[in-house]
J.: 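Let me give you the structure first, and then I'll get to my questions.
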Amino acid sequence: MFSAIYALTITGNLIIIAIIKQESHLHKPMYFFLANLSFLEIFCTSTITPKALRNLLQESKSISFVGCFTQMFFFVALGGSECVLLTVMAYDRYIAICQPLFYSTRMNPSLCVQLLCVSWVIGFLNSLVHTVYTALLPFCKDHLIRHFFCDIPSLLKLSCRDTYSNEMVSTFVGGIVIVGGFMLTLLSYIYILKVVLRIQSENGRQKAFSTCGSHLVVVTIFFGTIIVTYLLPGSSSYNEQKKVLSVMYGVMTPLINPVIYSFRSADFQKAINKRISQRRFR
C-alpha cells in the first residue's frame, strides 16, 4: 500500500512539474508556486518513505547516527519550507481575488522568486536549529527509535539528559514557522471568503467556494497534524497516535496536494487534455 502511494505521489507531482514547464499559458505565479510545491512534496516524502519501506521488508531495521540526523534535517527542512510556501500560495490567491487590478504588478516574477527563496531559507534555518540542538544531546539510553523515521520527538526520548530546553526551543522556533504560517494562511482565506460572498453569480460563488474549500481542507490537515505532533504534549498512548498522524503529513499529504491544487484547476485540466489529444493524433 505504501509503495503504491509513494509511486502515485512521485508520478503525480512529476506530471504537474512537466505540464507547467511545457505549457506557456501556465507560466503564472500560481503555477510557479504549484510546481515548486510538487518539487518539495517529491523530496519530502522521499526522505522517509524509501527507508521505511526497506525497514518493512527487512529484519534488520538499523540506521546510522549520521544517516538518522541527515534524514531528520531534510524532512524538517522540507516540511518547514512547505509551511511557508503554502502561506505564500494563500497570499498569492488573496492578491488575485481581493486585489485583481494590482495582481500583475505585485506578483511579478522577481517577487515570486524572492518569496520562494524566503520559504526555503526559513525552512532550512528552522531545521538547522532543531538538528544541531538535538545532536548535542547525550544518547546513552537504548538506541531503539520508536517511530518509522527519525523525527525530533522520537529522538528526544532517547536522551539521558533532561530535554526540557530542547522541547521549549522546538515549541518556540517551530511554533513561529508552523502556527505563524497557519494563522497567515487562515487570514488570507478569511479575506478571500469575504470577497467570494459578495459575488453575485451563484455559479461563480459555488466555483470559488469549491476551490477555496478544498484548499482549506488540505491546509487544515497539513498544519493540524503538524501542530498536534510537534507542539502539543501528550501521554504515552497519545504519543503512539501521533505516529499515525505523521503518516498524514509525511505520506498522504504529498499525494493529496497535487489532486487538490492542480488537477482540480480548469486551466490545468485543459493542459492535460491538450497533451492527451496531441498524443492520440500522432
Side-chain angles (χ1 to χ4, degrees), residues 33 36-52 63-89 91 112-141 143 145-185 222-223 225-233 242-243 245-246 248-251 253-254 257:
F33 293 130
N36 282 282
L37 178 65
S38 292
F39 181 82
L40 272 175
E41 298 290 23
I42 288 170
F43 282 94
C44 188
T45 192
S46 294
T47 59
I48 59 170
T49 308
K51 180 64 178 174
I63 187 169
S64 67
F65 182 86
V66 174
C68 185
F69 276 89
T70 302
Q71 184 187 64
M72 188 186 86
F73 172 76
F74 281 104
F75 181 72
V76 175
L78 295 166
S81 298
E82 186 172 340
C83 286
V84 182
L85 186 58
L86 287 173
T87 306
V88 169
M89 290 170 68
Y91 174 73
C112 290
V113 172
Q114 288 173 19
L115 289 171
L116 180 66
C117 290
V118 166
S119 68
W120 280 82
V121 168
I122 291 175
F124 274 77
L125 283 177
N126 171 58
S127 181
L128 187 64
V129 172
H130 293 305
T131 305
V132 170
Y133 209 47
T134 306
L136 292 173
L137 289 170
F139 296 98
C140 47
K141 288 185 180 179
H143 294 167
I145 300 168
R146 291 166 176 83
H147 209 330
F148 66 92
F149 67 96
C150 293
D151 203 9
I152 300 167
S154 56
L155 288 178
L156 290 181
K157 290 177 184 175
L158 301 182
S159 177
C160 51
R161 198 176 75 191
D162 181 40
T163 58
Y164 178 77
S165 60
N166 292 75
E167 290 167 10
M168 287 299 100
V169 168
S170 178
T171 303
F172 180 72
V173 178
I176 292 172
V177 176
I178 299 167
V179 179
F182 181 59
M183 294 306 292
L184 288 171
T185 304
F222 180 75
F223 279 103
T225 50
I226 289 179
I227 288 169
V228 169
T229 303
Y230 292 104
L231 303 181
L232 296 182
K242 286 183 180 181
K243 294 177 190 177
L245 290 177
S246 65
M248 288 300 296
Y249 66 81
V251 179
T253 303
N257 273 349

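As the structure is a prediction and not an experimental result, all values here were calculated from the model.
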J.: Is any side-chain heavy atom of Leu86 closer than 4.5 Å to a side-chain heavy atom of Phe223?
T.: yes
J.: Got a sec, which residues hit disulfide bond (SG atoms under 2.5 Å apart) with Cys83, two or more places apart in sequence or on another chain?
T.: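 Applying disulfide bond (SG atoms under 2.5 Å apart) to Cys83 gives none.
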J.: A side-chain contact here means heavy atoms from C-beta on lying under 4.5 Å apart; do Leu40 and Trp120 qualify?
T.: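 Result yes, sub-4.5 Å side-chain heavy-atom pair found.
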J.: If you look at every heavy atom in Val76 and Ser127, which pair is closest and at what distance?
T.: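 In this case the closest contact between Val76 and Ser127 is CB-OG, 3.6 Å.
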J.: Any idea which heavy atoms bring Ser64 and Gly67 closest together, and the distance?
T.: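 Nearest pair, atom of Ser64 first, then Gly67: OG-N, 2.9 Å.
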J.: Side chains of residues 165-173: which donor-acceptor partners sit under 3.5 Å, not counting sequence neighbours?
T.:
{"unit_1": "Asn166", "atom_1": "ND2", "unit_2": "Tyr133", "atom_2": "O", "d": "3.1"}
{"unit_1": "Glu167", "atom_1": "OE2", "unit_2": "Thr163", "atom_2": "OG1", "d": "3.2"}
{"unit_1": "Thr171", "atom_1": "OG1", "unit_2": "Glu167", "atom_2": "O", "d": "2.8"}

J.: Taking all heavy atoms of Cys68 and all of Ile145, pick out the closest pair and write down the distance.
T.: SG-CD1, 3.8 Å
J.: Measure the CZ-CD1 distance between Phe182 and Ile226 for me, rounded to the nearest 0.5 Å.
T.: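 If we round to the nearest 0.5 Å, Phe182:CZ and Ile226:CD1 are 11.0 Å apart.
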J.: Nearest 0.5 Å please: distance from the CZ atom of Arg161 over to the CG atom of Leu156.
T.: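 Answer for the CZ-CG pair, Arg161 versus Leu156, is 10.5 Å.
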J.: For Thr253, what residues pass the side chain to side chain donor-acceptor pair (under 3.5 Å) criterion, not counting sequence neighbours?
T.: none
J.: Nearest 0.5 Å, what's the SG-CZ distance between Cys150 and Phe65?
T.: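 Those atoms lie 10.0 Å apart.
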J.: Between Thr131 (side chain) and Leu128 (backbone), is there a donor-acceptor pair under 3.5 Å?
T.: no
J.: If you measure from CG on Leu37 to CG on Leu116, what distance do you get to the nearest 0.5 Å?
T.: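 Leu37 atom CG to Leu116 atom CG measures 10.5 Å (nearest 0.5 Å).
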J.: For the atom pair OG (Ser119) and CZ (Phe124), what is the distance rounded to the nearest 0.5 Å?
T.: 10.0 Å
J.: Determine whether Phe139 and Cys160 make a side-chain contact, defined as any pair of heavy atoms from C-beta on separated by less than 4.5 Å.
T.: no
J.: Find the distance between CG (Leu85) and CG (Leu78) and round it off to the nearest 0.5 Å.
T.: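 These two atoms lie 11.5 Å from each other.
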J.: Side chain to side chain contact (heavy atoms under 4.5 Å, CB included) with Phe149: which of Ile63, Thr49, Ile48?
T.: Ile48
J.: Using the side-chain hydrogen bond (donor to acceptor under 3.5 Å, both in side chains) rule, collect all pairs that involve residues 68-88, keeping only residues at least two apart or in two chains.
T.: Glu82-Asn257, Thr87-Thr185
J.: Test of understanding: with side chain to side chain donor-acceptor pair (under 3.5 Å), list the residues that count as partners of His130, not counting sequence neighbours.
T.: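 Counting only residues at least two positions away or on another chain, His130 forms a side chain to side chain donor-acceptor pair (under 3.5 Å) with Asn126.
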J.: Please report whether the ring centroid of Phe73 lies less than 6.0 Å from that of Phe69.
T.: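 That pair fails the under 6.0 Å test.
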J.: Residues two or more places apart in sequence or in another chain: which of them pass side chain to side chain donor-acceptor pair (under 3.5 Å) with Ser154?
T.: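 Partners of Ser154 by the side chain to side chain donor-acceptor pair (under 3.5 Å) criterion come out as none, since no residue qualifies.
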